[in-house]
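A short write-up of the structure that comes next.
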Amino acid sequence: AVPPPADWKQLREFSLSEAAGFLGVTPSNLKKLHLENKGPQPNVHSNGRRAYSAQNIADLRAYLNLHGRTESKQYDPSRRAGDKLQVIAVANAKSSSGKTALCAHLVQHLALSGHRVLAIDLDPKASMTRLFGISADHVPDVSVATAMGTNKAGAEAILNDAMVETAFPRLSLLPASPDLHDAERQVLATIRGGLTGQPGGEPWLQLKRVLALVETRFDVVVIDCPPRLGIMTLAALFAATAVLIPVSSNMSELAELARF
């Protein structure tokens with residue numbers, strides 16, 4: 001994965017109550033850990049307030065999972081043996097529906113809660129990519145769409161090259177790249193055109209095939225779909241175990257949803 005550039009904005013610190021909420025403990029128990037000098041320590045400001053970075057929270061989760069875990073209480077929500085990868089497609093045929101904002105907040109909350117998360121931006125407008133502070137200068141030339149038209153070995157290499165670390169521990173991003181503007185034509189041409197190394201099969205099944213290559217590395221995948229029902233959105237829906245469709249409570253939005 002590509003590390004974030006040194007000049008990226010830093011993630012804000014979290015209060016005692018916020019950190020406790022993400023860890024699943026009470027604020028008093030978290031405060032007690034600090035007073036007893038147990039586990040990773042927070043940053044204490046001049047006014048006495050404790051502040052926790054996202055990495056602090058991740059380190060505390062590991063400490064609690066090692067020292068405070070019981071059969072009925074576990075602090076690491078990662079997948080257990082037999083659990084399947086959850087793939088959430090966020091889709092709507094209408095632009096400006098809140099789709100991207102929902103994706104961004106969902107993946108950030110899941111990561112802060114301890115899940116290993118992969119966010120995929122399939123929208124050529126790259127709105128979610130920009131929400132993470134990634135400018136066009138830092139976007140790889142390839143994307144998940146490139147991997148969809150490539151055989152297994154090529155797809156694995158493309159995913160590793162395209163994946164970007166974020167300021168949130170346990171949250172990786174496959175950003176939108178310029179090739180998404182022509183992704184549907186490229187995927188169809190590669191799969192149906194008999195090109196060397198083409199994987200074969202229906203185009204809307206290719207994203208599911210690609211995600212299987214990184215299945216063991218993540219607990220949840222969240223996909224920001226393009227605002228239309230094309231090949232890329234269909235591929236996301238076929239790969240998904242759940243679908244979220246954000247919609248406002250007005251007749252125009254409901255009519256658009258019915259057509260979608």
Side-chain angles (χ1 to χ4, degrees), residues 1 3-4 8-81 83-88 90 98-121 128-129 131-134 163-174 214 216-224 241-242 244 246:
W8 276 15
K9 292 182 179 179
Q10 299 299 307
L11 187 62
R12 72 170 178 90
E13 293 181 313
F14 296 90
S15 68
L16 175 70
S17 59
E18 287 176 320
F22 288 129
L23 290 167
V25 300
T26 63
S28 59
N29 282 341
L30 189 55
K31 182 179 179 180
K32 183 179 178 182
L33 280 178
H34 176 227
L35 293 175
E36 294 178 355
N37 200 31
K38 292 181 178 179
Q41 297 299 295
N43 181 25
V44 181
H45 293 292
S46 57
N47 59 6
R49 290 186 179 275
R50 297 168 179 84
Y52 296 81
S53 67
Q55 190 59 55
N56 262 150
I57 295 173
D59 293 342
L60 276 164
R61 188 183 308 281
Y63 175 85
L64 288 169
N65 204 54
L66 183 62
H67 298 282
R69 183 179 61 183
T70 65
E71 290 186 3
S72 61
K73 179 67 173 179
Q74 298 192 31
Y75 296 93
D76 187 348
S78 298
R79 292 159 57 198
R80 307 290 187 255
D83 290 347
K84 294 184 178 180
L85 174 70
Q86 298 302 304
V87 181
I88 303 171
V90 184
K99 171 177 61 68
T100 298
L102 173 59
C103 278
H105 285 93
L106 177 59
V107 297
Q108 290 167 11
H109 179 80
L110 287 171
L112 287 169
S113 299
H115 298 276
R116 300 171 300 164
V117 185
L118 174 63
I120 301 178
D121 192 353
M128 184 165 69
T129 299
L131 280 178
F132 280 96
I134 302 175
M163 206 172 294
V164 175
E165 296 177 5
T166 71
F168 293 80
R170 291 193 158 207
L171 173 55
S172 299
L173 172 69
L174 278 170
V214 295
T216 58
R217 295 161 59 180
F218 299 100
D219 304 313
V220 185
V221 175
V222 179
I223 307 170
D224 185 14
T241 57
L244 293 178

>> If you apply the rule side chain to side chain contact (heavy atoms under 4.5 Å, CB included), what do you find for His34 with Leu16, and how did you get there?
In response: CA-CA 11 Å; His34 176 227; Leu16 175 70; over 6 Å; no
>> Are the side chains of Glu13 and His45 in contact, using a 4.5 Å heavy-atom criterion?
In response: yes
> Under 3.5 Å, side chain of Asn43 to main-chain N/O of Ala51, donor-acceptor pair present?
Replying inline: no
> Has the side chain of Arg61 got a donor or acceptor atom that lies under 3.5 Å from a matching backbone atom of Leu112?
Replying inline: yes
> Should Leu106 and Leu244 be marked as a side chain to side chain contact (heavy atoms under 4.5 Å, CB included) after you check the CA-CA gap, both sets of side-chain angles, and the distance that decides it?
Replying inline: CA-CA 11 Å; Leu106 177 59; Leu244 293 178; 4.0 Å; yes
> With a 4.5 Å limit on heavy-atom distance, are the side chains of Val25 and Leu60 in contact?
Replying inline: no
>> Measuring from atom CG of Leu23 to atom CG of Asn29, what distance do you get when rounded to the nearest 0.5 angstrom?
In response: 11.0 Å
> What residues form a ring pair (Phe, Tyr, Trp, His ring centres under 6.0 Å) with Phe14, not counting sequence neighbours?
Replying inline: Phe22
>> I want to check something: taking the side chain as every heavy atom from C-beta on, are Gln108 and Phe132 in contact at a cut-off of under 4.5 Å?
In response: yes
>> Suppose we screen for salt bridge (Lys or Arg N to Asp or Glu O under 4.0 Å). Which residues come up paired with Asp76, at least two apart in sequence or across chains?
In response: Arg170
> Just by modelled atom types, is the Ala101 backbone N or O under 3.5 Å from a matching donor or acceptor in the His105 side chain?
Replying inline: yes
> Between Gln86 and His115, do the side chains contain an N or O donor and an N or O acceptor separated by less than 3.5 Å?
Replying inline: no
>> So Leu30 and Arg50, do their side chains get closer than 4.5 Å, heavy atoms only?
In response: no
> When you look at Leu173 and Met128, which way does the side chain to side chain contact (heavy atoms under 4.5 Å, CB included) test go after all the steps?
Replying inline: CA-CA 9 Å; Leu173 172 69; Met128 184 165 69; 4.2 Å; yes
>> Holding to salt bridge (Lys or Arg N to Asp or Glu O under 4.0 Å), I want the full list of residues that pass it with Lys38, two or more places apart in sequence or in another chain.
In response: Glu36
> Can you find a pair of side-chain heavy atoms, one from Pro246 and one from Val90, that are under 4.5 Å apart?
Replying inline: yes
>> Among Thr241, Val214, Leu118, exactly one meets side-chain contact (heavy atoms from CB on, under 4.5 Å) together with Val221. Which residue is that?
In response: Leu118
> When you measure from the side chain of Ser172 to the backbone N and O of Met163, does any donor-acceptor pair fall under 3.5 Å?
Replying inline: no
> If we only count heavy atoms from C-beta on, is the Tyr52 to Pro40 side-chain gap below 4.5 Å?
Replying inline: no
> Any side-chain heavy-atom pair from Val117 and Phe168 closer than 4.5 angstrom?
Replying inline: no
